[in-house]
Amino acid sequence: MELWSTEKQTENLSMSCRISETLFVGQSEFQKVEVVDSFEFGRMLVLDGVFQTSIFDEFIYHEMIVHVPLLTHPNPRRVLVIGGGDGGSVREVVRHEAVEIAEMVEIDKMVVDVSKKFLPEISAALRDNHPKLRLEIGDGIAHMKKIDNHYDVIIVDCSDPIGPGAGLFSQEFYQNVCKALKPDGLFVQQTESPFYHQSLISRIIQDIRDLFPITKMYLASIPLYPGGLHSFIIGSKKYDPETVMLPKQLPFSTRYYNLPLHRSCFVLPNFVQQLIK
């Protein structure tokens, strides 16, 4: 008997992966958590039926959500990751020499524990208790409300705008992000598919433009996610990711991100340019 894991991506579209084994199924306080072994994507984390990450292509998402903002800021000493319970984002953050403290606020402890057990390649910084890492199990929205002028870079590595992640896409949240950043701070958020989440993207970019003088979208090709094309939005108080001076070479190895790509990922197809006008 064949086993399949299916994500409903829109009202009219689903994506299914044939799996060899279900390794974990649990219900946390917030969501259903699953880990499966698939034939095409390898081991996968699934939350409330939505594919979150896979061993096959996780490096694309995590490198792009981290290295673009951290190499835009000239001195990102204090970095906050909201969400990112699989550990992939903080794994990339702590590789930056300039980073002194990498805080992570994740609402769901089960996601962290399951990732540490079943996704060791992604959760290395969590598993190793990296000395730069400060992990807090808690509500990222509440955390932002009480912080002022504190972070150089904030990375919003959230799930889809449903369930526990819904509030991370609100204008009130972006206002709190803005006040939590230092005067030259910047933030980035994953902002879904430019094919299937167009109204969401149009609203988000306007909300961020209302707060940040520099607001830019960039793209990455990620096979696991809807449409295979994923968007990210940067809101910056001072530094423009397209014109900032980059190092002559990266001090660490990457599989997707590179310095020429840092520039080219901001070159948007016409339909995306129309979407964010």
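Just so it is clear, the model here is predicted, and its values are computed rather than measured.
- Side-chain atoms of Asp108 and Gln31 form a donor-acceptor pair, as typed in the model, at a separation below 3.5 Å.
- Ring-centre distance between Phe169 and His197: not below the 6.0 Å cut-off.
- Two residues are said to be in side-chain contact when any heavy atoms from C-beta on lie closer than 4.5 Å; Phe187 and Tyr151 fail this criterion.
- Although no hydrogens or angles enter the test, the distance criterion places a donor-acceptor pair under 3.5 Å between the side chain of Tyr218 and the main chain of Met64.
- There is a path of hydrophobic side-chain contacts, each under 4.5 Å, that joins Phe59 to Leu250.
- Trp4 belongs to no hydrophobic cluster, as no Ile, Leu, Val, Met, Phe, Trp or Tyr side chain comes under 4.5 Å of its own.
- A continuous path of hydrophobic side-chain contacts links Tyr256 to Phe56 [ILVMFWY only; heavy atoms under 4.5 Å].
- Taking the side chain as every heavy atom from C-beta outward, Phe195 and Leu13 never approach each other to under 4.5 Å.
- Here the NZ-CG distance, from Lys116 to Asp86, works out to 13.5 Å after rounding to the nearest 0.5 Å.
- Checked by atom type, the side-chain pair Gln274/Asn270 shows no donor-acceptor distance below 3.5 Å.
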Report task. In sequence, state the C-alpha distance, the side-chain angles, and the governing distance for Gln189 and Val177, and then conclude on side-chain contact (heavy atoms from CB on, under 4.5 Å). Result -> CA-CA 11 Å; Gln189 182 175 32; Val177 167; over 6 Å; no
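- Partners of Tyr196 by ring pair (Phe, Tyr, Trp, His ring centres under 6.0 Å), not counting sequence neighbours: none found.
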Query raised in the report: After noting the C-alpha distance and the side-chain angles of Cys265 and Lys216, does the key distance pass the side-chain contact (heavy atoms from CB on, under 4.5 Å) rule?
Result: CA-CA 10 Å; Cys265 69; Lys216 299 287 180 75; over 6 Å; no
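- Pro269 meets the side-chain contact (heavy atoms from CB on, under 4.5 Å) test with Leu219, Phe271, Val272; sequence neighbours excluded.
- At least one donor-acceptor pair closer than 3.5 Å links the side chain of Arg91 to the backbone N or O of Glu121.
- Of all the heavy atoms in Lys277 and Arg209, the pair that sits closest is C-NH1, 3.7 Å.
- Within the 4.5 Å cutoff, no side-chain heavy atoms of Arg18 are placed close to those of Glu40.
- A 4.5 Å side-chain heavy-atom check between Pro241 and Ile214 finds at least one atom pair inside the cut-off.
- A donor-acceptor contact shorter than 3.5 Å links the side chain of Glu63 to the backbone of Arg255.
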Query raised in the report: Ile19 and Met44: side-chain contact (heavy atoms from CB on, under 4.5 Å), yes or no, with the steps?
Result: CA-CA 10 Å; Ile19 63 174; Met44 298 166 52; 5.5 Å; no
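- Closest approach of Val94 and Ala125 over heavy atoms only: CG2-CB, 4.4 Å.
- Take Tyr61 and apply the side-chain contact (heavy atoms from CB on, under 4.5 Å) test, not counting sequence neighbours, and it matches Ile65, Asp157, Gln190, Ile222, Tyr225, His230, Phe232.
- Remark: the backbone N or O of Glu192 is paired with a side-chain donor or acceptor of Ser231 at under 3.5 angstrom.
- Considering CG of Leu211 and CD of Gln206, their distance stands at 10.0 Å, rounded to 0.5 Å.
- Few gaps surround CD on Gln27; more than 12 heavy atoms of other groups in view lie less than 6.0 Å from it.
- Of all heavy-atom pairs between Arg203 and Ser170, the closest is NH1-CA, 4.1 Å.
- Both Ile204 and Leu168 are assigned to one and the same hydrophobic cluster, defined by single-linkage of ILVMFWY side chains at heavy-atom distances under 4.5 Å.
- The line from CD1 of Ile60 to OG of Ser221 is 7.5 Å long, rounded to the nearest 0.5 Å.
- We find the CD-CD distance between Glu106 and Glu136 to be 11.0 Å, quoted to the nearest 0.5 Å.
- Under the 4.5 Å side-chain criterion, counting only non-hydrogen atoms from C-beta, Ser28 is not in contact with Lys109.
- The closest side-chain donor-acceptor pair between Glu58 and His62 falls under 3.5 angstrom.
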**Report entry** Test side-chain contact (heavy atoms from CB on, under 4.5 Å) applied to Ile82 and Phe173, step by step
**Finding:** CA-CA 12 Å; Ile82 295 179; Phe173 174 71; 3.7 Å; yes
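- Using a 4.5 Å heavy-atom cutoff, the side chains of Phe39 and Ser20 are in contact.
- Applying the side-chain contact (heavy atoms from CB on, under 4.5 Å) test to Lys238 and every residue at least two apart in sequence or in another chain returns Asp184.
- Clustering of Ile, Leu, Val, Met, Phe, Trp and Tyr side chains at separations under 4.5 Å places Leu45 together with Leu23, Phe24, Val33, Val35, Leu47, Ile55, Met110, Val111, Val114, Phe118, Leu119, Ile122.
- Looking only at side-chain heavy atoms (C-beta outward), Val79 and Pro69 stay at 4.5 Å or farther from each other.
- In this structure, the side chain of Gln52 engages the main chain of Val50 through a donor-acceptor pair within 3.5 Å.
- In this structure a side-chain-to-backbone donor-acceptor pair under 3.5 Å is missing from Ser123 to Leu126.
- Hydrophobic clustering (ILVMFWY, side-chain heavy atoms < 4.5 Å, transitive): Tyr257 and Ile234 are in one cluster.
- Rounding to the nearest 0.5 Å places CG of Leu259 at 10.5 Å from NE2 of His67.
- Taking all atoms of both residues into account, the shortest heavy-atom contact from Thr6 to Ser16 is OG1-OG, 2.6 Å.
- Between atom CG of residue Asp148 and atom CG of residue Asn176 there is a gap of 8.5 Å, rounded to the nearest 0.5 Å.
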Requested in this report: Dump the intermediate steps for salt bridge (Lys or Arg N to Asp or Glu O under 4.0 Å) on Asp37 and Arg43, then the final yes or no.
Outcome: CA-CA 4 Å; Asp37 273 336; Arg43 192 159 292 181; 2.9 Å; yes
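- Looking only at distances, no side-chain donor or acceptor of Glu103 sits under 3.5 Å from a matching main-chain atom of Arg134.
- Under the 4.5 Å side-chain criterion, counting only non-hydrogen atoms from C-beta, Cys178 is in contact with Lys237.
- Hydrophobic clustering (side-chain heavy atoms under 4.5 Å, transitive across Ile, Leu, Val, Met, Phe, Trp, Tyr) groups Ile208 together with Met217.
- Across all non-hydrogen atoms, the minimal contact from Asp152 to Leu181 is O-CD2, 3.9 Å.
- Residues Gly85 and Ser115 approach most closely at O-OG, 3.8 Å, considering heavy atoms.
- For His96 (side chain) and Ala98 (main-chain N/O), no donor-acceptor pair under 3.5 Å exists by modelled atom type.
- Under the 3.5 Å distance criterion, the side-chain polar atoms of Thr22 are left unmatched by any main-chain donor or acceptor of Val36.
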